[in-house]
**Student:** 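So that we are looking at the same thing, I have put the structure below in structure tokens.
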Amino acid sequence: LALANGVALVGAAGAADSVIDCGGSGRHFAVTSGASVRIERLTLTGGAAAGANGNGGCVLVEGPGGSVVVADSVFSNCSAVAWGGAIAVRGRAALNISRSN
């Protein structure tokens with residue numbers, strides 16, 4: 001799913017009860033160049049990035065200017081054929097992670 005500017009994904013029940021499972025069928029989110037996204041109180045599991053753009057199993061942050069803030073979240077069982085099993089950042093994008101596993 002491509003995310004554009006100003007998106008906030010917030011789990012109402014907290015990360016333990018707000019789970020998004022891709023089941024190994026693909027990446028959860030691609031944050032487009034120039035977009036600002038917040039991921040909070042979520043568990044992202046089972047993300048997988050393959051093929052020519054096999055970076056960022058759960059989240060791929062594109063630059064220039066892409067920005068993601070992650071808080072109180074969990075990333076598990078994510079994989080990538082290149083780099084960034086859970087999160088990959090490329091092209092002068094920004095990532096800020098706090099209180100997350």
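Residue numbers start at 1 and run along the sequence shown. Values below: every heavy atom of this structure, side chains too, minus hydrogens, waters and symmetry copies.
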**Student:** May I have all residue pairs that pass salt bridge (Lys or Arg N to Asp or Glu O under 4.0 Å) and include part of residues 16-26, sequence neighbours excluded?
**Tutor:** none
**Student:** Got a donor-acceptor contact below 3.5 angstrom from the Thr43 side chain to the Val19 backbone?
**Tutor:** no
**Student:** Keeping Asn96 on the side-chain end and Val69 on the backbone end, is there a donor-acceptor pair under 3.5 Å?
**Tutor:** no
**Student:** With no hydrogens and no angle check, is any side-chain donor or acceptor of Ser98 less than 3.5 Å from a backbone partner on Ala71?
**Tutor:** no
**Student:** Between Asn53 and Arg90, do the side chains contain a donor N or O and an acceptor N or O under 3.5 Å apart?
**Tutor:** yes
**Student:** Do Leu9 and Leu3 make a side-chain contact, defined as non-hydrogen atoms from C-beta onward lying under 4.5 Å apart?
**Tutor:** yes
**Student:** If every non-hydrogen atom of Ser33 is compared with every non-hydrogen atom of Pro64, which pair is closest and at what distance?
**Tutor:** OG-O, 2.7 Å
**Student:** Shortest non-hydrogen contact from Ser18 to Ala12?
**Tutor:** OG-N, 3.8 Å
**Student:** How about Cys58 and Cys22, are their SG atoms within less than 2.5 Å of each other?
**Tutor:** no
**Student:** Please find the pair of heavy atoms, one from Ala50 and one from Val81, that lie closest to each other, and give the distance.
**Tutor:** CA-CG2, 3.9 Å
**Student:** Any sub-3.5 Å donor-acceptor pair from Arg27's side-chain atoms to Gly56's backbone N or O?
**Tutor:** yes
**Student:** Would Glu62 and Thr32 count as a side-chain contact (heavy atoms from CB on, under 4.5 Å) if you check the C-alpha gap in whole Å, the side-chain angles of each, and the deciding distance to 0.1 Å?
**Tutor:** CA-CA 5 Å; Glu62 299 277 5; Thr32 59; 5.7 Å; no
**Student:** To check you understand the geometry: which heavy-atom pair defines the closest contact between Gly54 and Ala80, and what is its length?
**Tutor:** O-CB, 3.3 Å
**Student:** Between Thr45 and Ser76 (side chain of the first, backbone of the second, donor and acceptor by atom type, cut-off under 3.5 Å), is there such a pair?
**Tutor:** yes
**Student:** For Ala15 and Val74, work out which heavy atoms get closest and say how close.
**Tutor:** CB-CG2, 4.2 Å
**Student:** Check for a donor-acceptor pair, side chain of Arg41 on one end and backbone N or O of Gly14 on the other, with a separation under 3.5 Å.
**Tutor:** no
**Student:** What is the minimum heavy-atom distance between His28 and Ile20, and which atoms define it?
**Tutor:** NE2-O, 3.0 Å
**Student:** Go through the steps for Val59 and Phe75 under the test side-chain contact (heavy atoms from CB on, under 4.5 Å), then give the verdict.
**Tutor:** CA-CA 10 Å; Val59 179; Phe75 295 83; 4.1 Å; yes
**Student:** For the residue pair Phe29 and Leu44, establish whether any side-chain heavy-atom pair is separated by less than 4.5 Å.
**Tutor:** yes
**Student:** Is Val70 reachable from Leu42 through a run of I, L, V, M, F, W or Y residues, each pair having side-chain heavy atoms under 4.5 Å apart?
**Tutor:** yes
**Student:** Nearest 0.5 angstrom please: Asn55 CG to Ile87 CD1, how far?
**Tutor:** 13.0 Å
